[in-house]
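Structure, as structure tokens:
Since the structure is predicted, the reported quantities are computational estimates derived from the model, not experimental observations.
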Amino acid sequence: ELNESLKVCVTCNYHFRMSAEDRIKMLFNKDEYNELELDKISDDPLNFNDKKKYKDRLKEYRKKTNRNDAFILLECKLGEHNIILGIMNFEFMGGSMGRAVGNSIVKGSKLALEKNFPFIIFTSSGGARMQEGIISLMQMPRTVAAVELLNKSKLPYIVVLTEPTTGGVTASFAMLGDITIAERGSTIGFAGKRVIQDTIREELPIDFQKAEYLKDHGMVDIVCDRKNI
């Protein structure tokens, strides 16, 4: 049992979270991609306050990451194929999905349709952005509808799940790929493991919500080492 636990721990910690900037450098040379400008939207639709004003949090993360929000949209060359690529940026408020992220996925889908390109998304997110309340939850059906447009046009939609992919992102566009790839050892789920255990009052497997467990149970098509992604 101890050996099995150690083996799982090694598997689970095989990859640490990777920044969006490093992800781009890993995947492409400078002449292989063009970053697309995202649509500007108004900040803080609910005038939200907790320990800090939401507007101030946005300013802080924009300064820290030099990004406007938690999504990067690229037009790229991948081998012989032109693609639209989206990368979620966990460094920006935990990659949380608010209006800006939802808009970016819709824009990426529309561009893919317009240019007849596949759309690939790398996910890394804690879920919906609580500072935008119901508006952040509305991004779930919006992104599902955007993916459905690709499906109707028979354009490939591929999702690469990375550490971590959780919450409303998992419950919407992240699990709708024609092909779903997960980086080895990534945490993928909706609610947290402890929350589920407390709800069902049962002990869950030690590798529960890991990429390999999801593949074994039919939720993921491919588990891939980062070096081979």
Side-chain angles (χ1 to χ4, degrees), residues 17-24 26-28 32-36 38-39 67-78 81-129 136 139-183 186-190 211 214 219-224 226 229:
R17 188 168 59 243
M18 187 181 223
S19 74
E21 309 296 339
D22 287 341
R23 177 81 57 188
I24 294 169
M26 182 190 82
L27 292 170
F28 304 104
E32 293 176 331
Y33 71 91
N34 176 40
E35 186 167 343
L36 303 172
L38 301 178
D39 298 335
R67 294 283 179 187
N68 200 51
D69 215 282
F71 201 87
I72 301 168
L73 195 61
L74 309 170
E75 184 176 331
C76 319
K77 190 86 171 175
L78 192 64
H81 302 282
N82 293 308
I83 62 167
I84 301 297
L85 179 76
I87 298 179
M88 300 194 78
N89 186 4
F90 196 88
E91 309 300 311
F92 195 105
M93 294 189 72
S96 51
M97 179 171 65
R99 284 189 307 163
V101 170
N103 278 6
S104 301
I105 293 167
V106 172
K107 180 170 184 172
S109 297
K110 287 181 175 178
L111 276 170
L113 285 166
E114 179 187 315
K115 294 175 177 283
N116 202 38
F117 291 172
F119 190 21
I120 302 175
I121 296 182
F122 281 74
T123 62
S124 181
S125 176
R129 187 170 297 174
S136 69
Q139 306 314 309
M140 294 169 66
R142 282 189 77 208
T143 56
V144 170
V147 170
E148 183 59 21
L149 292 175
L150 298 171
N151 188 39
K152 285 180 178 177
S153 297
K154 301 191 185 302
L155 281 172
Y157 171 59
I158 299 170
V159 182
V160 184
L161 307 167
T162 76
E163 173 71 24
T165 299
T166 59
V169 168
T170 306
S172 55
F173 66 91
M175 300 305 290
L176 295 177
D178 299 310
I179 301 171
T180 304
I181 303 168
E183 278 195 336
S186 297
T187 302
I188 303 158
F190 179 56
L214 268 70
M219 297 286 287
V220 165
D221 298 308
I222 300 165
V223 173
C224 188
R226 181 177 290 166
I229 206 73

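Interatomic distance, F28 CZ to L78 CG, rounded to the nearest 0.5 Å: 5.5 Å. Here the CD1 atom belonging to I121 is positioned 5.0 Å from the CZ atom belonging to F173, to the nearest 0.5 angstrom. Atom CZ of R67 is separated from atom CD of E21 by 4.0 Å, given to the nearest 0.5 angstrom. A distance of 5.0 Å separates CG of L74 from CD1 of I24, quoted to the nearest 0.5 Å. Summarising the geometry, atom CZ belonging to F122 is positioned 13.5 Å from atom CE belonging to M88; distances are rounded to the nearest 0.5 Å. Distance check, rounded to the nearest 0.5 Å: OG of S104 to CD1 of I87 gives 12.5 Å.
For the pair M97 and G168, the tightest heavy-atom approach, listed with the atom from each and the gap, is CE-O, 4.1 Å. When all heavy atoms of S125 and V169 are compared, the closest pair comes out as OG-CG2, 3.3 Å. R226 approaches R17 most closely through the heavy-atom pair NH2-C, 4.3 Å. For the residue pair C224 and I181, the shortest heavy atom distance occurs at CB-CG2, 4.1 Å. Shown here for M219 and M175, the closest heavy-atom pair between the two residues is O-CE, 3.5 Å. A182 approaches I188 most closely through the heavy-atom pair CB-CD1, 3.7 Å.
A salt bridge does not link E32 to K77: none of the charged nitrogens lies less than 4.0 Å from a carboxylate oxygen.
Proximity of E114 to K110: side-chain heavy atoms (C-beta onward) are nowhere separated by under 4.5 Å. L214 places none of its side-chain heavy atoms less than 4.5 Å from the side chain of V223. Counting heavy atoms from C-beta outward, K107 and D39 have side chains that approach closer than 4.5 Å. Side-chain atoms of I229 and V160, non-hydrogen and from C-beta on, do get closer than 4.5 Å to each other. The side-chain heavy atoms of N103 and L38, taken from C-beta on, include no pair separated by under 4.5 Å.
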Could you walk me through whether K115 and N82 pass the side chain to side chain contact (heavy atoms under 4.5 Å, CB included) check?
CA-CA 9 Å; K115 294 175 177 283; N82 293 308; over 6 Å; no

Can you check side chain to side chain contact (heavy atoms under 4.5 Å, CB included) on D22 and M26, steps first, answer last?
CA-CA 6 Å; D22 287 341; M26 182 190 82; over 6 Å; no

Applying side chain to side chain contact (heavy atoms under 4.5 Å, CB included) to L176 and V159, what does each step give before you reach the verdict?
CA-CA 8 Å; L176 295 177; V159 182; over 6 Å; no

Using side chain to side chain contact (heavy atoms under 4.5 Å, CB included), reason through D69 and V101 one step at a time and then give a plain yes or no.
CA-CA 7 Å; D69 215 282; V101 170; 3.9 Å; yes

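No option in T165, T162, L161 other than T162 meets the side-chain contact (heavy atoms from CB on, under 4.5 Å) test with E183.
S109 places no side-chain N or O within donor-acceptor distance of the main-chain N or O of L149, the cut-off being under 3.5 Å. Judged by distance alone, with hydrogens and angles left aside, the side-chain atoms of S136 form no donor-acceptor pair with the main-chain N or O of A128 at under 3.5 Å. S96 contributes no side-chain N or O that, together with a main-chain N or O of R129, makes up a donor-acceptor pair within less than 3.5 Å. Listed for the S153 side chain is no donor-acceptor partner under 3.5 Å among the backbone atoms of L155.
E163 and T187 are linked by a side-chain donor-acceptor pair at a separation below 3.5 angstrom, with hydrogens and angles left out of the test.
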